[in-house]
Amino acid sequence: MSSCCKHQPAPGAAASCATPEHAGHDHTGHDHAAHAHDETPPPANAAGARLQLAIPAMDCPTEGQLIAKVLRPLAGVNDLSFNYIERTVTLYHDGVVETEVLVALSAIGMPATRHESASPAAATARGQAGWQLWLAGSLAVLAEALAFGGAGDASLPVVACAVPSMVLAGRSTARKGWFALKTATLNIYFLMSLAVLGAMLLGQWPEAAMVLFLFALSEKLEARALARAGDAVKALMALRPETAWVQHGDGWQEVAVAEVKVGRIVRVRPGERVPLDGEISAGHSQFNEAPITGESLPLDKGPGDAVFAGAINGGALVQLRVTAPADGSVLARIIRSVREAQAGKAPTQRFIDRFAARYTPLVVALAVLLAVALPMLGLLGWQAALYQSLVLLVIACPCALVIATPVTLVSALAAAARHGMLIKGGAALEAAARIRTVALDKTGTLTSGTVAVTRVEPLADGHDEATVLALAAALEQHSTHPLARAVCRRAAAANVAAAVLHGAVTERPGQGMLGSAGGRQLVLGNRRLALAQGVAAAQLDALLAPLEAQGEGYLLLLADGALLALLHVNDTLRPQAGHTIAALQAQGLRVLMLSGDQPAVVRRVAAELKLDEAHGGLLPDDKLQRLAAAQRHGAVAMVGDGVNDAPALAQAELGIAMGAAGSDTALETAQVALMDDRLDKLPLLFAHARRSMAVLRANIAIALAIKLLFFVLALAGVATLWMAVFADVGASLLVIGNGLRLARARLGDKHEEVTP
């Protein structure tokens, strides 16, 4: 965007003039922001094509580890990424044979289909049928009761109850344990199978049965809880209608949205959701765009206005011309961004994955060492040492630790998307939580980017604001310049009709307008035009010097060479700008402005908003230097409108694009895209990011604390096998439930206003 300095008013009278009709006026470049951060990329060594598969049996890193073991060696496979919430795996490959992939997965009990043919988030709780599981539980409890009653752990009645219970509850575990043994994979199924076999060899039949039942039950509960994390994605999917009514000749035909081509006319009746992104061609109505932009109030729209797929038509029948295919709509891109949030792992998630990869083998090695060393040192008997080593094997699985991160991040990203903040993955969310300085563009970000007459100052007796506006509007109604439109808007807002002119109106590009009314020669323009009309330079200096020092714009109205009035003209601040800056500062953030506009203008805006720091007259390289200086004090976020100034946004730790719903560039390139044009989303974004990271850290602490507690109990000889099962899967349930709280978060509530 640039400022159109019609009549060359003083610096600061900036306005938008992107259309060719303004070519006759002077133009001065202004700063605007865009975003150069790419959408979350695939893994670094991912190349070539992608193959995405749906694997209903996979909902935990345990299965992911097994799948990776058999797929990575296949010819052509470069890398893998897993989405445990939607149970999908993506292969990045160079010509892998799909049938080989499917056969390899079937061989380990993980049958797969192409993800395109599976419904999104088609997660189903794994494990046995309900009646089988509860029968297994009843038999396990009966076996425990008989053993406690004195029948003996290995007596015939106890074994007769325990064996059917293990068959009913443990078939899936034993099968997956066998696949793990075949592939030499240390996962929970192998460890659990080994622990149960050990318990049977030690004569602990009731405990073996109870462990298998509790493990199967907790797996089912874990799968159901994990599936809830996919509800956010399913809710977004539900916003998109499956069909659209498309104009066909003189009538209308119902067509699947995926088949509707760009440029076709579709109709949307009252109460229906808009099926595709488009531009209204006929009709006026109100649209609820809360699912897309987070804007809670319905918006009035008519011919020429853009509407988004998923918005609700609340008023009247409208027709719209489709501007994007179904998979290219704003809603589709939001869904895609949330669903692929795990493709680029956040720093915390990468650390946890590396930690888990080393943690499990170490604990297994420790368990073997204790099984041998404790009896040899005389600290425990062979049977007791072996039992406690089996307990350690069950504790060794890091499922809760690994699953804590993706569940928390996806829940947080979905909640943000629901409130009109599209965060591109966990890395961007973590970056937002680390921000200590927020740098903002001025024109179009802190200001509206639209020039306005802010004050009318009469300079001659007998002329009030209404009289001045009537004369000024009479001249400017014949111009299409942004300053002319600003004068006309001010007159309309004051309910003032334009005066009647006599004769022709002359426009002098770069100076102003001339005409006559009531026998007087009228002039509206800048200093140069006023000097040409005979106004004394000293008089103009005395009048205009304070305005120019403050960076205010102006227009001078003259009649027969004498000054009648001074019109103050400025780019107005956004309504939420002051509140937003105060809220950011209340969160402990430092706020600065980096602008290419003239320093006097920047100083005036900075003083009005009480900014911590402001710099004007900056070239792109100057902005990079200012950002580098700010980065010495901590992570910096750069906020702009997503069109220009890419170098500055690329250098910042976090780039944020304003009003991205209507900008393809911003949607595709921004790390964070604020879908509507509301500046006050910024404090909510940073508060939500910090809260999400706090929940993530709490989840990691919970998982580690539970593992450590039962690890100590096992070494002390206190923990039992069934307690170890609770330590493993119970921890997973806790972290999943805690992470899901973020999916239900209502951003803007008091608890969101946290400080760093």
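All of these numbers come straight from a predicted model, not from anything done at the bench.
Lys301 approaches Ile280 most closely through the heavy-atom pair CB-CD1, 3.7 Å. Of all non-hydrogen atoms in Lys681 and His419, the two that sit nearest each other are NZ-O, 2.9 Å. Here the shortest heavy-atom pairing between Leu74 and Val70 reads CG-O, 3.7 Å. The minimum heavy-atom distance between His93 and Val77, with the atom names listed, is CB-CA, 4.2 Å. In plain terms, the two heavy atoms of Leu80 and Ala68 that are nearest each other are CD1-CA, 3.7 Å. The two residues Gly426 and Leu409 make their nearest non-hydrogen contact at CA-CD1, 3.9 Å.
A distance of 5.0 Å separates CD1 of Ile702 from CG of Asn738, quoted to the nearest 0.5 Å. Atom CG of residue Leu674 and atom CE of residue Met421 lie 7.5 Å apart, to the nearest 0.5 angstrom. Rounding to the nearest 0.5 angstrom, the gap separating the CG atom in Leu105 from the CD1 atom in Ile55 is 5.0 Å. Ile67 contributes atom CD1, which lies 10.0 Å from atom CG of Leu91 (distance to the nearest 0.5 angstrom). Here the OG1-CD distance, from Thr88 to Gln52, works out to 4.5 Å after rounding to the nearest 0.5 Å. The CD atom of Glu653 lies 9.0 Å from the CG atom of Leu627; values are rounded to the nearest 0.5 Å.
Side chains of Leu102 and Leu53 form a contact here, defined as non-hydrogen atoms less than 4.5 Å apart. Considering only heavy atoms from C-beta on, Val438 comes within 4.5 Å of Phe686 through its side chain. By the 4.5 Å heavy-atom criterion applied to side chains, Val307 and Val318 are not counted as neighbours. Residues Met693 and Leu429 are in side-chain contact: their nearest non-hydrogen atoms beyond the backbone lie under 4.5 Å apart. Contact check for Pro325 versus Val262: side-chain heavy atoms found under the 4.5 Å cut-off. Side chains of Leu51 and Arg114 form a contact here, defined as non-hydrogen atoms less than 4.5 Å apart.
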Given Ile423 and Leu685, is the side chain to side chain contact (heavy atoms under 4.5 Å, CB included) satisfied, shown in steps? CA-CA 9 Å; Ile423 304 173; Leu685 167 67; 3.7 Å; yes
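Among residues two or more places apart in sequence or in another chain, the side-chain contact (heavy atoms from CB on, under 4.5 Å) test is passed with Glu259 by Val255, Ala256. Every residue was checked against the salt bridge (Lys or Arg N to Asp or Glu O under 4.0 Å) condition with Lys69, not counting sequence neighbours, and none meets it. Scanning for side chain to side chain donor-acceptor pair (under 3.5 Å) contacts around Glu272 gives Arg269, with sequence neighbours left out. Partners of Trp252 under the side-chain contact (heavy atoms from CB on, under 4.5 Å) rule, at least two apart in sequence or in another chain, are Trp245, Gln247, Ile265, Arg267, Gln319. With sequence neighbours left out, Arg175 forms a side-chain contact (heavy atoms from CB on, under 4.5 Å) with Phe179. Residues satisfying the salt bridge (Lys or Arg N to Asp or Glu O under 4.0 Å) test with Glu100, not counting sequence neighbours, are none. Checked against side-chain contact (heavy atoms from CB on, under 4.5 Å), Val257 has the following partners two or more places apart in sequence or in another chain: Ala244, Pro275, Leu276, Ala326. Residues satisfying the side chain to side chain donor-acceptor pair (under 3.5 Å) test with Thr243, not counting sequence neighbours, are Glu254. With sequence neighbours left out, Asn313 forms a side chain to side chain donor-acceptor pair (under 3.5 Å) with Ser285.
Looking at Asp277, its side chain never comes within 3.5 Å of a backbone N or O of Thr323 through a donor-acceptor pair. Counting only distance, with no hydrogens or angles, the side chain of Lys707 and the backbone of Ala731 share no donor-acceptor pair below 3.5 Å. The closest donor-acceptor contact from the side chain of Glu279 to the backbone of Arg321 lies at 3.5 Å or more, if one exists at all.
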